[in-house]
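Here is how names work: the chains are called A, B, and so on, in the same order as the sequence lines, proteins then strands, and each is numbered from 1.
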Amino acid sequence: MVSICFYFQVHQPYRLRNYNVFEIGKNHSYTNKKKNLDILKKVAEKCYLPTNKLMLDLLNKHEEFKISYSFSGIILEQFEEFMPSVLQSFRDLADTGKVEILDETYYHSLSFLHSKQEFKEQVILHNKKIRSLFKQSPSVFRNTELVYNNELANFIESMGYKGILAEGADHILGWRSPNFIYTPKTTSKIKLLLKNYKLSDDIAFRFSDKGWKEWPLTVDKYTNWVNAVNGNGNLVNLFMDYETFGEHQWADTGIFDFLRHLPQELLKHPDNDFKTPSEAIKTYNPVSELDIHSPVSWADVERDTSAWDGNNMQKSAINEIYQIEDAIKKSRDKKLINDWRKLQTSDHFYYMCTKWFNDGDVHKYFNPYDNPYDAFITYMNILNDVNFRLKEHNILKKEVVV
Amino acid sequence: MKVLMFGWEFPPFNTGGLGTACYGLTKGLSKQGINITFVIPTAPRLIKSDFVDMIIAFSTSFVNIKTVDSLLVPYISSEGYETMHKKRCMNSDKNFNRVYGQNLFEEVHRYALKAREIAINETFDLIHCHDWMTYLAGIEAKKVSKKPLVVHVHATEFDRTGGHPNQAVYDIERMGMHAADLIIAVSNFTKNKILKHYGISPGKVFVVHNAVEFTNFPDSEDFKIKSHDKIVLFLGRITIQKGPDYFLDAAKKVLEKEKNVKFIVAGSGDMEIDMIERAAKLGIAKHILFTGFLRGNDIDRAYRMADLYVMPSVSEPFGITPLEAMRNGTPVLISKQSGVSEVIKNCLKVDFWDIDEMASKIIAVLKYNALHYCLKEHGLIEIKKFSWNDSAKKCINVYERALNKGGN
C-alpha cells in the first residue's frame, strides 16, 4: 500500500522598498506596496487561480484525491486585502472536505531558532487565522522552510499537535527511507512525516529541465517511480511550493497537463491512494525513532539553515531584530509590533545570502534586490527606524506617566 | 607570435589605469608565449635612473621597451574640456595647451612617423595599439608592414570629456577604429560606446576585461590613522570623468548624519583647485583631505587606511582601481556607469548622479560592521578569480582572428 501525501506551500512576503539611511526617523512605511501587489497579481494569474481551478476539478472528479496546504499568515492577509477572489478559491477547495490546512508561523519566520516565546505567539496567531478563514483547526505543523529538529518536535507536541513535517534529507536519514512515519526523539506521541525530496523535486525543480536525463517527465514515467515504492514504504510525501504550478514551471512546460492526469494514473494501481498528513498519521505506525539535533531545512544542497543565517550580515540582522523583542512587546503598540514581526519573515534573510551569489546562480524568485548587500542595507535602515520609533515610544510614555 | 605594441605609458611611469593595464596585459601575454616589443614616447619629466631601471626590469624579462624621442607627456588626458566648454576659463587655447601639452597633434604625427621607421626595422606579425594617441602610429605601421592592426580602446573621448568630445581627438579615434582589423574594448560599456558613436559594426569589437593580480599584503594595522574617524577614499584623476564633484556632494550628505568621517581625495588633475574650493563652499573643508598624486606603496597604503573606496565615475570604460581596493581588503562602492561593474559582484553599486543613494550606502558601510566585513571577505575571495592570464588568452584569440582575416 502506498499513500501519496501532497502538501503545497503558499507564501509571499511583504517585500521592503528601497529605504535609505536619511529616512530613518522620518518615514515609517517600509513595504513596496506596488511591487508586492504586482507580484501577487502575477502569481495569482499564473498559478493560484488556474491551479486552484484544476485542483477543484480533480477533487470533484476523483473521490480518492486529497491534498493539503500550508499558508503563511501574511499571504492570507494579502489575499484578504488585495485578492479576495483568490482566498475564496482556496476556501472552495477546503469546502470539499478533502483538503487539510496545516499550521505554521504567522509571519513565515525562523523565530523558533531565536525566541520560543515569539514562535509560540506566531503559531497561535496563525492557528486563529486558519480557524477563522477555513473553519478547520490544524493538528499538523510545518515550520518555515521545513526547518526542524528534536527540540521543535518536542515543543510543538507540547502545543498539542499530532504531527510535524520535515525534509527527508540524506544526512539525517542515512540508510533509512523517507517513505515511512517516524517518531522524533524526545517526544512521546507526535509523528514525523518526511519529504521524499527526490520525487518532490522531480516535479518542483526538474520538470522542465531539458538537461535532465529524464526530461520530458511523463505521467507514466512518474507513476512508475511512485508505484515502485510499493513494498518498501507506506507513503510518498510530495512537499513543494505551490508556485511550482504555473510560476516556477510555466504553463507551456506542460505542468498543468501533468497535474491533470497524475491522480488518475496513480489511482490505476490498486494499492495506491491519497492521504492528508493527519490521515497518514492515523493510518501508519512509526517504524523507528529519528534523532535530529542540528536544524535541517529544505533549502539547497546543504539542507541546513545557512541560507538564512550563514553570513555575518544575516547573523547581525537576526541578532538585532530579536534583541528588541521585549521592548517592542512592552510598547503595546500594535502597529509597531506588527511591523517588527513582518521583518522576521525568512525571505528578508534569504535575500542577504551570499552563498550562490558568487557562483552567479539565481536566488529566490521575485528577489527585489540586485545583491545581498543592498538587501542588508535596506533591512538595517528599516530596523533602525523601528528602533527609533521604539525609543520615541518610551519617551512619550514616560512623559505621560510624569 | 611577435607583436609590435604602441602605448604611451608604462609603470612605474604611469599616471593612470592605462599604464597599469598595459603592464598587466603584456605580462600576461608574455606568459602565454607572445613576444612583445613595447613602444612608448619618451616623457620629459621622467627621472633617468628610474627609467633605466624600468628598461632593465622588463626588457630582459617579458617585453622589450623602445622609446621614441617625443615631447608627449606620459599620460595624455582630456581633463579641462569641461572647463573649456563651460567657458569658465578665460583663455581656452591656453587651457588646452596645459592639458594636452604643446603642439599635441604635431607630436601625435611625429610619433606616427617614428612608428613607421620602427615598423620597417622590426619584424613582427601583428600591431596592437592602446588608445587614440597611438592610433596614427598603428596606422602608419600597418601601412608599411601590411600586418594586421588591433586597436585597444581603454577609453573614448566621450568618457574623458563627460560627453563633450574634442573633434580632432574624435576624428583620430574614428580613423583608428576604422583602419583596425579588429577592436578590443575593455568592457561591454565601452563596446556600446564604440558602436553608438563611431559607426563600427558589432562583429568587429571584442570585449577583453582588465584584471588585477592578487598579492598577499602585510597586515594593514600600521596603516591606520590613529583616530576614531572613519575614512572614505576617492583615488583617481581629479577630472570630470571621475566624478570628484559627486564625491564631495555625497560627503556633504554623509557629514550631515555622521560627524566622525574623513574623506580623502587622492590624485591630481585639472579640477583639483575647483574641488578644494567646492569643499570650502560646502563647509566641509576640514573633513576633506587632498593628498595630491600618489604612487607605489602610497596607493596601497591609502586603500588600506580607508574603510571604503568610492569610484563615482561619470563614465568609466573599465576602472581598475576598485579591483586594487578589493585586493587590499577595502570595501568598494562604484558607479553603475563603469565597465568594472560588469565583472565584480561583491561591491555596492549606485548611479553616479544619485547622491542620496551614494551617501546612504557610504553611511551603511561605516555604520554596519557586518556589511563592511562581508564586502571585505567576499571581495578578497572574488578578486582571486581575476587573472591577467585570462585577459591575455582572450586577447590572443583576437590576435588569431585578426591574423586569419589577413592583414592587408
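In this structure, chain A has heavy atoms under 4.5 Å from both the backbone and the side chain of K253(B). Of the two parts of N369(B), neither the backbone nor the side chain holds a non-hydrogen atom closer than 4.5 Å to a non-hydrogen atom of chain A. Interface remark: N18(A) contributes side-chain atoms only to the contact with chain B (heavy atom separation under 4.5 Å). Of the two parts of I363(B), only the side chain, counted from C-beta on, holds a non-hydrogen atom closer than 4.5 Å to a non-hydrogen atom of chain A.
Using modelled atom types and a 3.5 Å distance limit, the side chains of N367(A) and Y350(A) yield no donor-acceptor pair.
Ring-plane geometry between F247(B) and F234(B) is classed as tilted, the angle between the planes lying from 30 to 60 degrees on a 0 to 90 degree scale.
The cationic atom of R15(A) (NZ for Lys, CZ for Arg) does not lie both less than 6.0 Å from the six-membered ring centre of Y351(A) and within 45° of the ring axis. Under the 6.0 Å distance and 45° angle rule, K116(A) counts as a cation-pi partner of F112(A).
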